[in-house]
J.: 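Input: one structure, supplied below.
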Amino acid sequence: MMKRFKKAAAWALCAVLLAGMFAGCSNSNGASPSSGGGTASTGSAEPGSGVPDSMNPVGQFPITKEKITVKAMAAVNSEMAKDWNSLEVFQKLEKLTNIHWDFDYVDAKTFLDQLSIRMAGDDFPEVFLMGGMTSDTEEAYGPSGKLLDLTDLIAKYAPHLAKIREENPTIKLGTTALDGKIYGLPYFAESSGNVPVLSFFDEQYMKNVGVEKVPETTDGLYALLEAFRDKDPNKNGKKDDIPFSCQGVGYLRTILQPAFQGYTGGSAAGEWDVDDSGKVIYLPEEKGYKEYLEYCHKMFTDKLLDSEFLTQTADQAKAKVQSGIVGFYNQTPTILAGTALEKDKQICLPPLTSQTNDKKVAQAPKYLSTTNGLITKNCKNPEAVVSWFDLFYRKEGEEVEGFCGKTSLLGYEGEQWKYTDSSKTKYQFIDPVKSYIQLNQTVMITFGLPAYISNKAVQVGNKLMEDKLEGGAKNQAPYYKEAYPLFVRYTKDESTEAALITTDLDNYQLMMEGKFINGQESLDNFDAFLQNLKKYRVDDLKKIKQAAYDRYIKNK
């Protein structure tokens, strides 16, 4: 049950990280076998190096003197290559390191279930990769000995990761377990293109309906949505326009809930946030939540909100946007490539204010995922495996044969991408590479493997991407606000109890939110809804989250 506790939060984190992977790497001359980094001799390790006899000294390559195979269970989705060992980066790293990976591919949707099943016995792989693992996964299996304590291994065999942990307090805090040990390998991706709030509309559509100013209030947005409904924004002569479309309530929480409450935890942290005094709060109980529901219900009743917002799939929502019948959409503008709309300017909606809130706030990017790799007690060569992962924590200027953490996102500089200016603030893909989906199929899994990625450059040569990045930087970044931290640590007892409460509470709250909006439940029953939250033990969960948050702040 513990895995269900953070499932929604882990998904959200992954969603907003994935949206942000759009900036560059370098090919500076770092230590490499071909440029002075030194390829170890085939003899024994240097006297006093302290590494196993099967390895060469740390920093020399290959990592192991003879080829070894490491077994890993990896989470996959439809956009990834079916065989990771066919990817260019994995092939080059195998030649560089002498380490071959034997992957057991598991659908990302069932990964956590499979992990739990395997961990129940001793039939688990040497390494787990991605799949929505969180600090809870570490706390569940680390202290029991099923996961290796990486503290000493990182200090000795991963100097780049060790340095990053010391330089970045957030990473160090987020990856340190309650017992003071390190069990997880993190993924940190800071990007100029990380736009966590995807809220766009076509500028030409706004002009077509006679509106000249981008909305800044909920009243202004409503007026524009009514114009989209009534004035044929795509000028096709049909009454087929959907002013506001999304999949589920997540987008409504991202855009509209902050406008009424001044907090971003609705979408960023499953309705949990922290007020200015450090008190953990549950947003459905706070000022402005009922007004948020009333606004969304009126949108639904007035046919401004997609009637299928609760039932449509992501692909169905995407198809509607690409067909040109949607006003506001919660997807990246790059999905319009190849459509009749790709030449139009796409505008990013700024944070809104309302009668119950005068603060503009936007969900802040989430750069850190604490647990994207776990090494288990079954690992035969943990020193070599940690050394292999340390390649992914090399920064620009520390490359080995052109590889650093950012290569895991963009591929190799000069092959798949290049800087377009001397100050290295802009980059573009090199033909035939057009997208990250292509890279996932031929070069590298571009999101989620344990790594450190710092992307300052902005992608150019792609108008839709430029619209996204410009809109995020101008309309959202000045208003970023953190919510309840996703990587606070819970004790085993806290995690077990929180999981029991969270499952039922989330299911009830989500069901009622949807029913209030589509009218299946009258808002006259809102007070009864608040009382039922108590029955679902919201106050007990609040105490658990407060204790975890207080520990987090104390250690920060």
J.: If we count only N and O atoms by modelled type, under 3.5 Å, do the side chains of T376 and N378 hold a donor and an acceptor together?
T.: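 No donor-acceptor contact under 3.5 Å links the two side chains.
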
J.: Under the ring-ring contact (aromatic ring centres under 6.0 Å, His included) rule, collect the residues that match up with F111, sequence neighbours excluded.
T.: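 Checked F111 against ring-ring contact (aromatic ring centres under 6.0 Å, His included); zero matches.
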
J.: For the residue pair T176 / R165, report whether a side-chain donor-acceptor contact shorter than 3.5 Å exists.
T.: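 There is such a pair (donor and acceptor under 3.5 Å, judged by atom type) between the side chains of R165 and T176.
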
J.: If only side-chain N and O atoms count, and only distance matters, is there a donor-acceptor pair under 3.5 Å linking Q416 with Q438?
T.: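 Note: Q438 and Q416 side chains miss the donor-acceptor criterion.
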
J.: Could you work out, with ring-ring contact (aromatic ring centres under 6.0 Å, His included) as the rule, every residue matching F124, not counting sequence neighbours?
T.: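 Scan of F124 (ring-ring contact (aromatic ring centres under 6.0 Å, His included), adjacent residues dropped) gives none.
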
J.: With sequence neighbours left out, what residues match K395 under salt bridge (charged side-chain N to carboxylate O under 4.0 Å, His left out)?
T.: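 So K395 forms a salt bridge (charged side-chain N to carboxylate O under 4.0 Å, His left out) with E167.
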
J.: So E413 and K406, salt bridge (charged side-chain N to carboxylate O under 4.0 Å, His left out) or not? Walk me through it.
T.: CA-CA 10 Å; E413 183 184 359; K406 287 186 280 190; over 6 Å; no

J.: Roughly how far apart are K545 NZ and Y552 OH, rounded to 0.5 Å?
T.: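 Going from the NZ atom of K545 to the OH atom of Y552 covers 13.5 Å.
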
J.: Have Q363 and S267 got a donor and an acceptor in their side chains that come within less than 3.5 Å?
T.: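 Yes, because at least one side-chain N or O of Q363 sits under 3.5 Å from a partner of the opposite role on S267.
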
J.: Who passes ring-ring contact (aromatic ring centres under 6.0 Å, His included) against Y480, sequence neighbours left out?
T.: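 Once residues adjacent in sequence are excluded, Y480 has no partner under the ring-ring contact (aromatic ring centres under 6.0 Å, His included) criterion.
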
J.: On the six-membered ring of Y427, is K456 placed so that its NZ or CZ lies under 6.0 angstrom from the centre and within 45° of the ring axis?
T.: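 The answer is no; the distance or angle limit is not met.
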
J.: State whether a side-chain donor-acceptor pair under 3.5 Å links D421 with T425.
T.: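 Note: D421 and T425 side chains meet the donor-acceptor criterion.
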
J.: Scan for salt bridge (Lys or Arg N to Asp or Glu O under 4.0 Å) pairs involving residues 430-451, sequence neighbours excluded, and state none if there are none.
T.: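 Sorted result for residues 430-451: D431-K434.
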
J.: Using a 4.5 Å cut-off on heavy atoms from C-beta on, say whether the side chain of L449 contacts that of Y187.
T.: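 Y187 does not reach L449 side chain to side chain.
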
J.: Distance alone, cut at 3.5 Å: any donor-acceptor contact between the side chains of E466 and N462?
T.: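 There is no such pair (donor and acceptor under 3.5 Å, judged by atom type) between the side chains of E466 and N462.
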
J.: Partners of T69 by side chain to side chain donor-acceptor pair (under 3.5 Å), sequence neighbours excluded?
T.: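 Checked T69 against side chain to side chain donor-acceptor pair (under 3.5 Å); zero matches.
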
J.: With distance as the sole criterion, is a donor-acceptor pair present between the side chains of Y490 and S135 under 3.5 Å?
T.: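 Judged by distance alone, the side chains do not pair up.
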
J.: For D493 and T496, test the side chains for any donor-to-acceptor distance below 3.5 angstrom and give the result as yes or no.
T.: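 No - no donor-acceptor pair under 3.5 Å links their side chains.
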
J.: Indicate, with yes or no, if the rings of F392 and F188 have centres closer together than 6.0 Å.
T.: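 Not under 6.0 Å, so no.
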
J.: If we count only N and O atoms by modelled type, under 3.5 Å, do the side chains of T371 and E138 hold a donor and an acceptor together?
T.: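 T371 vs E138: donor-acceptor pair found between side chains.
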
J.: For the pair T491 (side chain) and E494 (backbone), establish whether a donor and an acceptor sit closer than 3.5 Å, ignoring hydrogens and angles.
T.: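 Yes, the answer is positive, given that a donor and an acceptor are paired below the 3.5 Å cut-off.
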
